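Numbered from 1 within each chain, the chains take letters A, B, ... in sequence-line order. Not measured: the values here are computed from a predicted model. Note that these values count all heavy atoms, side chains included, but never hydrogens, waters or copies made by symmetry.
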Protein chains: 2
Amino acid sequence: MEVTTLTDVTDGATTKGEQTRELILSTALRLFREQGYGKTTMRAIATEAGVSVGNAYYYYGSKDHLMQAYYDLLQDQHRVAVEPILASEKRFVPRLAGVLRIWLEVAAPYHEFAGTFFKTAADPKSPLSPFSDESRPARDASVEIFRQVVEGSDLKLPADLRTELPELLWLVQMGVVLFWVHDQSDDVRRTKALIDRVVPLVDRLLRLTRIPGVRGVVNDLVGLIRSIK
Amino acid sequence: MEVTTLTDVTDGATTKGEQTRELILSTALRLFREQGYGKTTMRAIATEAGVSVGNAYYYYGSKDHLMQAYYDLLQDQHRVAVEPILASEKRFVPRLAGVLRIWLEVAAPYHEFAGTFFKTAADPKSPLSPFSDESRPARDASVEIFRQVVEGSDLKLPADLRTELPELLWLVQMGVVLFWVHDQSDDVRRTKALIDRVVPLVDRLLRLTRIPGVRGVVNDLVGLIRSIK
DNA sequence: GTCTATAACACGATAGAC
DNA sequence: GTCTATCGTGTTATAGAC
């Protein structure tokens with residue numbers, strides 16, 4: 001599976017400022033990948049990019065902001081990379097499985113570094129928190145992908161559940177990502193196996209909602225999720 | 001509800017070293033509570049405790065380790081605080097609700113600071129990660145509480161599900177804690193409301209397992225959880 | 001507005017003496 | 001076990017140049 005590269009995405013630079021901004025980001029991401037987040041200093045990023053430390057801070061308010069920029073990039077790459085499968089495959093199970101697997105491929109180069117990302121994101125006060133206002137665009141973009149997974153599929157569901165489903169699938173992905181971050185097996189084999197088991201299970205769970213006794217509970221669950229949003 | 005205090009728990013010091021260790025911890029927790037984790041420096045902790053910075057590091061390998069020590073304390077206080085309700089109440093719903101509510105009370109003084117705890121815990125490389133070997137004792141202790149919730153209750157369940165249930169309830173608590181960390185409402189009103197809605201819903205979900213069509217899916221779910229443990 | 005160079009500061013962490 | 005001194009790094013400040 002071919003996915004867009006960092007260069008593909010960052011090549012849109014036009015003005016000199018934009019070029020510098022992207023030079024700093026791509027340099028930072030390369031160093032994060034090569035040495036890890038903790039061992040990469042702002043001084044090293046600036047030196048490698050051939051700019052001053054002050055200039056790096058001119059474009060990115062903090063080291064964390066470089067990580068936030070990476071996350072936005074990742075979302076964008078994922079969105080582009082899933083287009084083929086969303087266009088060609090109509091069955092719900094392979095659609096969902098494909099979207100999750102492609103995420104693994106897009107994020108693969110940064111597996112090491114991803115732990116640090118999670119760390120920062122888990123802080124409610126961080127702008128990277130999945131629940132923060134600042135990360136809302138990235139989260140909305142991610143939920144939108146799952147909305148497409150549902151919309152374009154052959155899945156038959158009651159309307160209210162169908163409306164909530166994209167957010168639920170986003171939560172499933174968060175779970176997969178959490179597992180992935182901790183997965184130290186070769187080629188994240190365990191995470192791939194997890195996806196292969198989780199997706200059919202989600203499908204079966206959704207089909208259960210046709211049973212009358214289940215519907216009432218599911219409605220309560222949907223109501224609960226709506227109320228805490 | 002009366003709960004044990006920090007002093008109750010830390011007063012077991014005998015040797016001089018133990019006293020110093022606990023002095024440093026109690027001082028750190030006081031400052032974390034008063035100023036937050038980020039604004040409390042290791043220098044301030046050492047000064048307030050009347051020891052040197054080096055000495056603080058002699059007992060706690062890092063600032064994060066002070067947080068880990070707090071978490072262990074919290075677990076211990078929770079374990080003690082739930083004893084009355086586990087001894088007197090046999091119905092599953094109030095047992096579970098009580099255990100979750102009491103956790104809120106025990107943790108309340110550290111609500112602000114708790115966000116930072118989550119942040120550190122989310123890093124897979126951190127000793128505080130809920131999946132790390134070092135935090136295994138605290139996690140096991142927490143799961144043990146939920147094992148007691150299930151064991152001593154009137155809940156009727158198939159044996160295999162009953163075996164997995166404590167870990168599932170621990171996951172539910174993680175979810176509640178995640179919500180609590182982000183809850184900025186007065187007196188964490190929203191988290192309390194969440195518990196009031198989640199617990200009966202869990203109860204209803206468990207009862208659904210009596211429906212034959214549901215059983216197969218639940219068995220798959222239990223198998224999945226076992227496989228990733 | 002974009003960028004450089006350098007210094008300074010705060011704080012987590014460590015080294016090594018006693 | 002305890003101390004003082006020091007280091008490394010994120011971040012900010014200063015003082016400008018084009």
Side-chain angles (χ1 to χ4, degrees), chain A residues 10 12-29 31-32 34-70 113 115-117 119-121 123 125-128, chain B residues 10 13-32 34-70 113 116-117 119-121 123 125-128 134:
Chain A
T10 55
T14 46
T15 69
K16 181 148 178 257
E18 282 306 299
Q19 284 177 355
T20 305
R21 174 187 288 273
E22 296 181 357
L23 172 63
I24 292 165
L25 178 58
S26 59
T27 304
L29 292 185
L31 293 178
F32 289 163
E34 289 170 4
Q35 319 178 323
Y37 183 80
K39 285 181 184 162
T40 303
T41 68
M42 290 298 285
R43 288 166 178 82
I45 294 167
T47 303
E48 278 283 308
V51 301
S52 66
V53 177
N55 200 12
Y57 274 97
Y58 177 78
Y59 286 105
Y60 296 95
S62 75
K63 198 176 171 183
D64 281 357
H65 279 78
L66 284 164
M67 199 152 51
Q68 168 79 290
Y70 156 67
F113 157 50
T116 311
F117 177 77
K119 169 173 176 159
T120 309
D123 183 354
K125 275 159 271 175
S126 163
L128 275 76
Chain B
T10 56
T14 45
T15 69
K16 186 166 174 229
E18 282 305 299
Q19 284 178 354
T20 306
R21 174 186 288 274
E22 295 180 358
L23 173 62
I24 292 165
L25 178 58
S26 59
T27 305
L29 293 185
R30 178 168 60 79
L31 293 178
F32 289 163
E34 291 170 4
Q35 319 178 325
Y37 183 78
K39 285 181 184 162
T40 302
T41 69
M42 290 299 285
R43 286 166 177 81
I45 294 167
T47 303
E48 279 283 308
V51 300
S52 69
V53 177
N55 202 10
Y57 276 98
Y58 176 78
Y59 287 104
Y60 296 95
S62 74
K63 198 176 171 183
D64 283 356
H65 279 78
L66 284 165
M67 199 152 50
Q68 169 78 293
Y70 156 67
F113 155 50
T116 311
F117 178 76
K119 166 175 175 155
T120 309
D123 183 354
K125 275 159 271 174
S126 164
L128 275 76
E134 276 160 286

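Take A:H65 and apply the side-chain contact (heavy atoms from CB on, under 4.5 Å) test, not counting sequence neighbours, and it matches A:Y60, A:S62. For A:D64, the side chain to side chain donor-acceptor pair (under 3.5 Å) partners are A:Y37, not counting sequence neighbours.
Here the CZ atom belonging to B:F32 is positioned 9.0 Å from the OG1 atom belonging to B:T116, to the nearest 0.5 angstrom. With rounding to the nearest 0.5 angstrom, the CD1 atom of B:I45 is 9.0 Å from the CD1 atom of B:I24. To the nearest 0.5 Å, atom CG of residue B:L23 and atom CZ of residue B:R21 are 12.5 Å apart. To the nearest 0.5 Å, the span separating CD on B:E34 from CG on B:L29 amounts to 11.0 Å. B:K63 NZ to B:T41 OG1: the interatomic distance, rounded to the nearest 0.5 Å, is 7.0 Å.
Non-hydrogen atoms lying under 4.0 Å from DNA chain C are contributed by B:T40, B:T41, B:M42, B:R43, all within residues 39-47 of chain B. Annotation: proximity of residues 50-65 of chain B to DNA chain C (heavy atom, distance under 4.0 Å) is found for B:Y57, B:S62, B:K63, numbered in ascending order.
Taking the side chain as every heavy atom from C-beta outward, B:Y70 and B:F113 approach each other to under 4.5 Å.
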Atom pairs and distances, donor-acceptor, side-chain atoms in residues 47-59 of chain A, under 3.5 Å, two or more places apart:
{"residue": "A:T47", "atom": "OG1", "partner": "A:R43", "partner atom": "O", "Å": "2.8"}
{"residue": "A:E48", "atom": "OE1", "partner": "A:R30", "partner atom": "NH2", "Å": "2.8"}
{"residue": "A:S52", "atom": "OG", "partner": "A:N55", "partner atom": "N", "Å": "3.1"}

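Chain B approaches DNA chain D within less than 4.0 angstrom (heavy atoms of the protein), and the contacting nucleotides run 5' to 3' from D:dG1 to D:dT4.
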